[in-house]
Protein chains: 2
Amino acid sequence: MTYCVAISVNAGICFISDSRTNAGVDNVSTYSKMHTFGRDGDRQIALLSAGNLATTQGVIGQLEKDIRQSKRQNLLTIATLEDAADYVGEINVAQQEKHTGGGASYEASFIIGGQIAGEDHKAFLVYPQGNHITTSADTPFIQIGESKYGKPILDRIISLESALDTAAVCGLVSMDSTMRSNLTVGPPIEVLIYETNSLLVGRRYRYEESSEYLREINRSWDARLKEAFATMPPISWSENWDASTGQGEG
Amino acid sequence: MTYCVAISVNAGICFISDSRTNAGVDNVSTYSKMHTFGRDGDRQIALLSAGNLATTQGVIGQLEKDIRQSKRQNLLTIATLEDAADYVGEINVAQQEKHTGGGASYEASFIIGGQIAGEDHKAFLVYPQGNHITTSADTPFIQIGESKYGKPILDRIISLESALDTAAVCGLVSMDSTMRSNLTVGPPIEVLIYETNSLLVGRRYRYEESSEYLREINRSWDARLKEAFATMPPISWSENWDASTGQGEG
């Protein structure tokens, strides 16, 4: 399994990915799911991947090959990020069908985001079927893989006005909740921060399993959630309690 | 969709269920998913349901019919809760196959819990296949339906030593996170509290959409989560930042 998220706010985009892959729980490996393509001053593009590892490696391989061979269409020359999302979608569908004829087990999905000179910064989710969606002011993040455990905190904290460091910490808390509930999501955790209109390589970090900061995120959030919960208003049993029916109304 | 949870702690069991059913988002209705069976002093059993509405209603109907007809095996005479979970599992499988021959769209799952005189209080999850699991000291809760959004808070807060009121508030926070992320989970929210060894009908509450308490849970938790997040340690960019590669180590 996998968990990747891209948080696209006014100040830029924060990309976060885990690095655990598994074919059954007895066959667990570590692969980076974050790839970057760019030329300073012209474009910076990040690609996060989830799903069948042969498919995702096939897609990354093809994207790199198209760059090496200077194909008419490649990530270093393509005009817009939306075109790039289409292009990744086509390669994704082709790779799924290449060896296997397709099918759910060979599916992969991607997040592609960043900025190309002359365009706004953007992030897209590319589905296994090759189509894509982008973020909105109301939902300024996209997720692939095991997305549900880590969604509530993003829903509550992130808005277009969030600072990039806030987005990064929130994304790491979201990742922490996911790792706690799904063993097949795990470190190293990679974080890439792209700043709007910089068109330069962003800050990139890799937190290993032994990372003191990752442990601090885990400990701090656990303690703060418990403190927050301890001060919740008590349940109002007495208020509308109906002893005759054993039913009350909240 | 549905979200139901049973939290089984030393002090008793807290059952919580939503009441929204849907066949597509344009066909949304309200049905209680919480049914109780009991005789004071002898047994108290609660049943929560998720899945195909025809199947769950068929199962509840059969359970009630077996009681009315005083069948050899029924929920008011069965010897243990484990036998009751087996029995619900058999009826569940039979109902799925009755009209349709079975298949994923007709599946249903159940939580059955409570206490029978002479036994400890217990809760079981009954799968569509008819088999079942129970809670443990490490995982003192079971969930059916849309379980992922609301799991992290249960993981962090609930232990066997939790008070029943704590379990109820935590379950409502878990329900609140789920409702926020999945539109097909919604009020009225029902809460039933069974106290260990009472063998009496527990406290039962129903929070309507308009419930001031439900809104307070939502507001309070939202505010507390934001406060908790605001005091998280900042991300440690500078610490291990490697400017030459654009890579740092956390």
Side-chain angles (χ1 to χ4, degrees), chain A residues 36 146-153 155-157 165-166 168-170 172-173 176-178 180-182 189 191-193 200-208 211-214 216-217 220-229 231-237 239-241 245-250, chain B residues 146-153 155-157 165-166 168-170 172-173 176-178 180-182 188-189 191-193 200-208 211-214 216-217 220-229 231-237 239-241 245-250:
Chain A
T36 53
E146 178 63 277
S147 60
K148 292 188 178 183
Y149 298 117
K151 185 164 182 285
I153 186 69
D155 277 333
R156 292 186 201 259
I157 301 293
D165 278 20
T166 303
V169 175
C170 187
L172 285 169
V173 168
D176 180 59
S177 296
T178 309
R180 187 173 181 128
S181 290
N182 188 330
I189 304 303
V191 178
L192 174 66
I193 301 281
L200 297 173
V201 172
R203 293 175 290 173
R204 184 164 175 173
Y205 289 81
R206 183 181 156 97
Y207 299 97
E208 302 287 344
S211 158
E212 184 49 40
Y213 181 66
L214 223 52
E216 193 187 340
I217 285 274
S220 303
W221 186 241
D222 200 62
R224 276 166 183 74
L225 264 194
K226 283 174 180 157
E227 278 166 32
F229 184 80
T231 63
M232 281 292 281
I235 197 151
S236 56
W237 297 121
E239 198 181 321
N240 297 301
W241 170 250
T245 62
Q247 300 230 355
E249 171 65 54
Chain B
E146 179 64 278
S147 60
K148 292 187 178 183
Y149 298 117
K151 186 164 181 286
I153 185 69
D155 277 332
R156 292 186 202 256
I157 300 293
D165 278 21
T166 303
V169 175
C170 187
L172 285 169
V173 168
D176 180 59
S177 296
T178 309
R180 189 175 179 127
S181 290
N182 187 329
I189 304 303
V191 179
L192 173 66
I193 301 281
L200 297 172
V201 172
R203 294 176 289 175
R204 184 166 175 170
Y205 289 81
R206 184 181 154 96
Y207 299 98
E208 302 288 343
S211 158
E212 185 47 42
Y213 181 66
L214 223 52
E216 194 186 340
I217 285 274
S220 302
W221 187 240
D222 200 63
R224 278 168 183 71
L225 264 194
K226 282 174 180 156
E227 278 167 31
F229 185 80
T231 63
M232 281 291 281
I235 198 152
S236 56
W237 296 121
E239 197 180 322
N240 297 302
W241 171 249
T245 63
Q247 299 230 355
E249 171 66 52

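Note on naming: letters A, B, ... go to the chains in the order of the sequence lines (proteins, then strands), and numbering restarts at 1 for each one.
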*For Arg224(A) and Ala228(B), which heavy atoms make the closest approach, and how far apart are they?*
CD-O, 3.2 Å

_Please classify the contact of Thr178(A) with chain B as side chain, backbone, both or neither, using a heavy-atom distance under 4.5 Å._
neither

*Could you give the distance from OG (Ser147(A)) to OH (Tyr149(B)), rounded to the nearest 0.5 Å?*
6.0 Å

*Sort out for me which residue in Leu172(A), Ile217(A), Ile193(A) forms a side chain to side chain contact (heavy atoms under 4.5 Å, CB included) with Ile235(B).*
Leu172(A)

_Out of Val169(B), Leu192(B), Thr166(B), return the one with the most heavy atom pairs under 4.5 angstrom to chain A._
Val169(B)

*When only pairs under 4.5 Å are counted, which of Ile157(B), Ile189(B), Asn182(B), Val173(B) shares the most heavy-atom pairs with chain A?*
Ile157(B)

*Could you have a look at Pro188(B), Ala223(B), Cys170(B) and say which one has the most heavy-atom pairs with chain A under 4.5 angstrom?*
Cys170(B)

*Tell me, for Pro233(B) versus chain A, whether the close heavy atoms (under 4.5 Å) come from the side chain, the backbone, both or neither.*
both

*What residues, two or more places apart in sequence or in another chain, satisfy salt bridge (charged side-chain N to carboxylate O under 4.0 Å, His left out) together with Arg180(A)?*
Asp222(A)

*Give, as side chain, backbone, both or neither, the part of Thr231(B) having an atom under 4.5 angstrom from any heavy atom of chain A.*
both

*asked:* My understanding is that only residues two or more places apart in sequence, or in another chain, count here; which of them pass side chain to side chain donor-acceptor pair (under 3.5 Å) with Ser181(B)?
replied: Asp155(A)

*asked:* Is there a side-chain contact between Lys151(B) and Lys148(A) in this structure, where contact means two heavy atoms from C-beta onward sitting under 4.5 Å apart?
replied: no

